[in-house]
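Below is one structure, written out as structure tokens; the observations come after it.
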Amino acid sequence: MPSAESQEPIIGIDLGTTHSLVAVCDGAGPRVLEGPSGERLLPSVIRYSQGLVSAVGSDARRRAAEFPRDTILSAKRWMGRSFAEAQALGSGFEFGIVEGPRGLAALHAGGATVLPQEVAALILAELRSWAERSLGRSVRKAVVTVPAYFDDGQRQATRDAARLAGLEAVRLVPEPTAAALAYGLGRRAQGETIAVYDFGGGTFDVSVLEVTPDDGSGTGAMFRVLATSGDTQLGGDDIDRMVFERLLGEAGLGSSNLAGAGLAPAARQALRDFAESTKIALSSKESAAVDVDLGGGVRLTRSVARSELEEIARPFVERTLELCRRALQDAGSPHLDRVVLVGGSTRMPMVRHEVARLFGVEPYTALDPDLVVALGAAVQGALLGGVRRDALLLDVIPLSLGIETVGGAVAKLLMRNSSIPAQAREMFSTSVDNQTAVRLHVVQGEREMAADCRSLARFELRNLPPMPAGIPQVEVDFTVDANGVLQVRAAERRSGQRASVQVVPTYGLTTEEVDRMERESLTHAREDMRRHRIVDLAVNAALDVKWIGDALERVREGLDAAVVDSVDQELHRVRGFIALTKTAPESVDANAFHQAKESLDRASVPVHEAAIAASLRAEQSRPQAVQSAQQESGGHTPRSDS
Ligand code: ADP
Ligand code: MG
């Protein structure tokens, strides 16, 4: 019998309104397959000229404005719809909608009249060729995703599209079900009720699903759609349009103004692109600069704050929340266990925050919201094809989880083989005075140095008030839930600042890799321990050297010359070890370093005493100094910036 791996793969395809993707799932779990130039998203756009296909994907997308009547966009909206329905929907594009066979809606562009499934077939065929190229074998079977609300006609049109592309659609999976599968929902013993919130560019969908776990009879987990709701004319594009309008108005070129109508098409397009890129930038920054030359001596320069964007976006986000409330009600107001986020617009912090508030649970964001549907389709393909990766689906953490500390060592918070769910918490601090940001690097593995582990995520805790090194209290919390999703939260206690990140640590991890990492940790155990010890010594010694050096400068005058001499010498020796740790760590003798540090501590006792006496005198004579306003960024205990 052939092994599952040697069988023909069943790929997973997210056939999207604006973008489509292809993924595959093997022993390492699901991954998105790339096109010939490394791209992962294929624009669902086709251009025709003289009745023939002249461009597919990104080329057709890029030049859509140039060939408005020849380019078909968003064909999915008309899949399996009657001409009458399509007329009622309207196109919103320049290509034509005409009556096709059996009263179906057909599309007319560049001299061609085609059914929407023929357009979809071209997209599917392109993705099939991406998959064959990257897998190096022929592909004939696929799991294709469809919106949860697709009716029989729309589903049949999707199957036809696959057949035309030379693919057998072995199963059509609702998009929200695919998103749930990507997170491994339905693998655990208990049933769950989940919501999938999908906020894309042009459409919004929300679904409430009931997940019944696999009962071991081999039928797999069951996903039942309890309710769906949405709006096919609501998305990130609406937010872009409002930002565009506002910028245009500010340049004195509002749409009510004659000059606005006269704005050159290229300048209009540039401003439109700016509106979107500003919105995207504001998902990770508090403010973004706009600087566009609109031609005719008009230049728009200003900065946009996140709060301003949020004010613009609020009505659209409110509308999605309203639709969510409706779906919840239709589903019988169940208790929700999880919320999964899908679609590019869910990267907006405001959306995440509002969704968390409405549903009362922290949403899943660990997987890229653009890729999650395709990843889930690939998981379904693997289940149907008998590909198994049980070894990593056990109820334990396969490799230890931790964060990188200053000097590159790893502080492990959750140990390998801990059973899940699992939680751990540890306190960290800064290593540089007045540090206002802390970088956190989440790693996985058994080695002692972060460079030898697998990097899972990086994030920053920002806006810390300046404090001396060691004073901030950064609480880092690791939680792995029953589905294996890791959430890392960092909070600074005094200021209340917080930040968090989510990842699925087993993504891209094979059993072979887990075995290799375990083996390597054994062979390197001695050397790793030594490295870790040296790094810890260097970090502590650096704090001592700084403190003693500063104190010595303050009290040098009042001390015995012999004492000053010996402290200077010891400082010099310890600084030498610290420098060597950075340049040639393998040549550091840990015991000698340790002794040098102890000897510095002993020699500096008179310095400590004199410094304490001096500070007592100073306190009596003048008010306490205020905190220096100077801010410095640099190393800190969780991770140095260097
Ligand atoms: P669709 O499913 O409709 O094809 P996508 O899921 O690809 O759409 O989402 C596209 C939308 O996501 C666009 O409006 C885009 O501007 C928006 N988007 C992408 N990245 C971000 C981001 N970082 N912040 C805010 N919006 C984003
Ligand atoms: Mg989408």
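- You'll find the side chain of L440 reaches within 4.5 Å of the side chain of V476, heavy atoms only.
- Residues Y197 and F204 bring their aromatic ring centres within 6.0 Å.
- Taking the charged nitrogens against the carboxylate oxygens, R352 and E362 have no contact shorter than 4.0 Å, which rules out a salt bridge.
- Here the side chains of V480 and Q423 are not in contact, with every heavy-atom distance at 4.5 Å or above.
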Q) Taking it one step at a time, do Y149 and T232 satisfy side-chain contact (heavy atoms from CB on, under 4.5 Å)? A) CA-CA 11 Å; Y149 57 77; T232 54; 4.0 Å; yes
Q: Take E448 and R530 through the test salt bridge (Lys or Arg N to Asp or Glu O under 4.0 Å) and record every step on the way to the result.
A: CA-CA 9 Å; E448 295 291 324; R530 201 187 67 85; over 6 Å; no
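- Although no hydrogens or angles enter the test, the distance criterion places a donor-acceptor pair under 3.5 Å between the side chain of T523 and the main chain of R519.
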(Q) Let's go through V438 and E460 carefully: what are the C-alpha distance in whole Å and the side-chain angles of both, what is the deciding distance for side-chain contact (heavy atoms from CB on, under 4.5 Å) to 0.1 Å, and is it a yes or a no? (A) CA-CA 6 Å; V438 173; E460 267 190 1; over 6 Å; no
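- The two residues V196 and V342 come nearest to each other via the heavy atoms CG1-CG2, 3.6 Å.
- Remark: the backbone N or O of A305 is not paired with any side-chain donor or acceptor of S287 at under 3.5 angstrom.
- Residues L341 and L367 fail the side-chain proximity criterion, which asks for heavy atoms closer than 4.5 Å.
- Electrostatic pairing of E322 and R319 does not count as a salt bridge here, judged by no charged N lying under 4.0 Å from a carboxylate O.
- Proximity of L509 to L399: side-chain heavy atoms (C-beta onward) are separated by under 4.5 Å at one or more points.
- Within 6.0 Å of the CZ atom in R494, the count of heavy atoms belonging to other residues, nucleotides or ligands exceeds 12.
- In this structure a side-chain-to-backbone donor-acceptor pair under 3.5 Å is present from S345 to G200.
- The main-chain N or O of P505 is found under 3.5 Å from a side-chain atom of R454 such that the two form a donor-acceptor pair.
- The local environment of CE in M529 is sparse, with at most 12 non-hydrogen atoms from other residues, nucleotides or ligands closer than 6.0 Å.
- No salt bridge links E276 with R272; every basic N to acidic carboxylate O contact stays at or beyond 4.0 Å.
- A salt bridge between R498 and E492 is absent, with no side-chain N of the basic residue lying under 4.0 Å from a carboxylate O of the acidic one.
- Once rounded to the nearest 0.5 Å, the distance linking CD of E175 with CG of D14 reads 6.0 Å.
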Q) Given the rule in the salt bridge (Lys or Arg N to Asp or Glu O under 4.0 Å) test, do R347 and D368 qualify, once you have shown the distances and angles that lead to the verdict? A) CA-CA 9 Å; R347 290 211 184 82; D368 187 329; 2.8 Å; yes
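- Applying the ring pair (Phe, Tyr, Trp, His ring centres under 6.0 Å) rule to Y183 yields the partners Y364; only residues at least two apart in sequence or on another chain are considered.
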